[in-house]
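The analysis underlying the following values was restricted to heavy atoms, covering all of them including side chains, and did not include hydrogens, waters or symmetry mates.
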Amino acid sequence: SRLRNRMDAAKAVHYGCDKYPPMVEAPAPPGLGLKGLVKPPDADMLWQWQSENGREDGDPSWAGVWSTAAALAYYLIQHSSEVKGRSVVELGCGLGVAGLVASSIGAAQVTLLDREKEALHCAMASAKLNGLPVAAGSGGGAEVGAIRAIACDWGELPTVDGVDLVLASDVMYDICEMESLAFAMKELLRGCGTALIAEPTKERASGCREAFIAAAESLGAAGVELSEIPLPPGSASHLQAKTDEDVTLLRVTWSGTKTAVVRAPEDPTQSVMLHLGCKALPPMMEAQAPPDCGLKRLVMPPDLSSLKQWHTDREKSSADSSWAVISSSEALLARLLFTVPSMVKGRRVVEVGAGLAVAGLAAARAGASFVTLLDREPEALHCAMASAQLNGLQTVAINDPAPPEGAVSAVFCNWQQLPPRSVASEVVIAADLMSSVEEMRGLALAIKELLGGSGTAFLAIPRREGAADCVEAFKAAAEVAGASSMELSDLGTLSSKETEAADMLRVEWGSQAQG
């Protein structure tokens, strides 16, 4: 009865059941042009409903309108030209106030994304309450300004066509999530568009804003601008916790070439374009991985010629384009590591000259405790880390103090200038690095340094002209550098062609070498 009394005072819509929480029709913050909002009575009542209905992991904070959401919505009204005719997504929308306002002032379409299904139910009910058009499913054929809702986390985004503007508020509360947040916004925009993010000027979690900006810039953001934005006049009493805190707006712009929307192919052998190429990154596609290496799909350039052309267009003719193709020795090494996991299981692994990192990613799938990819081509590392995520592997920064088991990191470097000792490993793997006799001494010393003087190296060598000389030069250099044993074995072939066969040189240093 107390529940009903509290709700009736605010115009009850639903008293709650096992599927939906209690909901009321409440006034919207003034100045936003909305008749009202459908929402839980308050966060406490939502939390009680979540607890009683097995939703203990639910977030009750969306029960009210936060100052950041109100300020963002008010900003859109004052700057409607930024919204009119555009496809808009509100990420982590909660009650969807900013998205509802975007629809009301002329957005072409609005998509609300949130992991809380009940929040989306309220948002769509509010859309109907305010006479705004709604669309189901993909929204195809819906009228202008139609709103749709999709339940998701920003780590597992749906496919949304033609997004021009991403809205978000109060999403910077975990510094560890800032890289994935920036990545999600860029992905929604397909590399071209604007994100408007409203956050409390006084951060809820220290360092989040700086971490997000750094992540956005590392993902090619052309600019990040910060400005103070006001709350709607007289809105304080309508906000969560009745706060009137200062709000900062972050405007993040990506100005690359918009990539095509990608959908998973029905045929697993089919390749699909991911990115058509821009100033920062070459053309990329998603293609089938080599067999028996624990990987399903890889992100890579369409072919060698397209990468060479991209290098030429950007006056990077000295860059190496060979990594665009998966060599037979790399594929054979990856197959061996995955099918004989004892080679790497529970050990820290470094792949030198990683390229597309098929072997390194196979090592992660085989149970390596941590995998670091080293390459002098940053675009190759970008593809490799995208492939890691595509195959369900966790990616982290090299300096992560507590990386999860099996995580993958990447470091841009040449083996002549190795990164700090933090990359030290127990196993070093490499393929196709023995192409110059003159470089074999440097390679041997680099591998020994990465192993800290104790560990095992597995080096895949294609059977081609000059390879035998490189092997002998490397073995001599490794012996001088203190290698305790070396063994050359047949790695096999991918086909009947001798040109696709390879050997493996196993080199051990110190008493802790891999058995």
Side-chain angles (χ1 to χ4, degrees), residues 29 39-40 42-44 46-47 50-51 55-73 75 89-99 112-120 122-123 150-157 166-188 195-219 221 224-229 231 236 239-252 394-397 400-404:
K39 58 185 288 296
D42 54 45
D44 289 339
L46 176 57
W47 177 83
Q50 289 172 334
S51 301
R55 313 283 214 285
E56 290 84 356
D57 58 344
D59 177 13
S61 65
W62 62 266
V65 180
W66 290 83
S67 58
T68 50
L72 177 58
Y75 172 87
V89 167
E90 185 176 5
L91 183 62
C93 66
L95 292 171
V97 173
L112 306 177
L113 304 182
D114 202 285
R115 63 185 177 189
E116 300 290 336
K117 295 180 181 180
E118 294 80 15
L120 294 174
C122 287
I150 303 175
C152 69
D153 194 284
W154 66 53
E156 297 180 357
L157 293 171
V166 174
L167 308 174
S169 59
D170 256 307
V171 290
M172 297 185 186
Y173 48 80
D174 184 347
I175 195 170
C176 297
E177 293 289 328
M178 293 303 95
E179 185 173 352
S180 62
L181 176 61
F183 184 81
M185 290 183 170
K186 182 180 179 181
E187 282 296 291
L188 285 167
L196 298 177
I197 311 151
E199 291 293 317
T201 300
K202 183 179 180 181
E203 292 184 282
R204 302 206 192 283
S206 179
C208 280
R209 188 172 303 149
E210 182 180 354
F212 174 83
I213 292 172
E217 290 176 342
S218 73
L219 290 168
V224 181
E225 301 174 8
L226 279 70
S227 59
E228 296 288 319
I229 56 174
L231 289 167
L239 303 178
Q240 183 88 315
K242 295 183 173 57
T243 177
D244 57 353
E245 60 191 346
D246 294 333
V247 177
T248 293
L249 181 72
L250 287 80
R251 173 188 296 274
V252 188
Q394 296 194 62
T395 56
V396 299
D400 192 308

Check: Taking all non-hydrogen atoms of both residues, which atom of E90 and which atom of G99 are closest, and how far apart?
Finding: OE1-N, 2.8 Å

Check: Any chance the side chains of E177 and S180 put a donor and an acceptor closer than 3.5 Å?
Finding: yes

Item checked: Separation between CG of D246 and CD of E199, rounded to the nearest 0.5 Å -> 14.0 Å

Checklist line | Greater than 12 external heavy atoms within 6.0 Å of Q50's CD | finding: yes

Item checked: CD-CG distance between E225 and L196, expressed to the nearest 0.5 angstrom -> 10.0 Å

Check: Minimum heavy-atom separation for S206 to I175, with atom names?
Finding: O-CD1, 4.2 Å

Next item on the list: Verify, without hydrogens or angle tests, whether K39 (side chain) and L95 (backbone) share a donor-acceptor contact under 3.5 angstrom.
Entry: no

Note to self: So W62 and C93, do their side chains get closer than 4.5 Å, heavy atoms only?
What the structure shows: no

Notebook entry, point to check: Nearest 0.5 Å, what's the CE-OG1 distance between M172 and T68?
Noted result: 11.0 Å

Next item on the list: Identify the two heavy atoms, one from V224 and one from L226, that lie closest to each other, and give their separation to 0.1 Å.
Entry: CG1-CD1, 4.0 Å

Checklist line | Closest contact, heavy atoms only, A182 versus A216 | finding: CB-N, 3.9 Å

Note to self: Minimum heavy-atom separation for A98 and A73, please, with both atom names.
What the structure shows: CA-CB, 4.1 Å

Item checked: Minimal non-hydrogen separation, I229 against A198, with atom names -> CD1-CB, 4.4 Å

Next item on the list: Would you indicate whether Y75, at its atom OH, is surrounded by more than 12 heavy atoms from other residues, nucleotides or ligands within a distance under 6.0 Å?
Entry: yes

Notebook entry, point to check: Looking only at atom types and distance, does a side-chain atom of E203 sit under 3.5 Å from a main-chain N or O of C208, one as donor and one as acceptor?
Noted result: yes

Notebook entry, point to check: Measuring from L91:CG to D114:CG, what's the distance to the nearest 0.5 Å?
Noted result: 8.5 Å

Margin query: Is it the case that the side chains of T248 and E228 hold a donor-acceptor pair, with the cut-off being a distance below 3.5 Å and no angle test?
Written below: yes

Next item on the list: Flag the pair W66 / S61 as yes when at least one side-chain heavy-atom distance between them is below 4.5 Å, and no otherwise.
Entry: yes

Item checked: Derivation of the side chain to side chain contact (heavy atoms under 4.5 Å, CB included) call for I213 and M178 -> CA-CA 9 Å; I213 292 172; M178 293 303 95; over 6 Å; no

Next item on the list: Answer whether the closest heavy-atom distance between the side chains of F212 and L250 falls below 4.5 Å.
Entry: yes

Next item on the list: Compare all side-chain heavy atoms of P40 with those of C122 and state whether any distance is below 4.5 angstrom.
Entry: yes

Next item on the list: List the steps and the verdict of side chain to side chain contact (heavy atoms under 4.5 Å, CB included) for L167 and L72.
Entry: CA-CA 8 Å; L167 308 174; L72 177 58; 4.0 Å; yes

Notebook entry, point to check: Are any of the side-chain heavy atoms of L181 and I197 separated by less than 4.5 Å?
Noted result: no

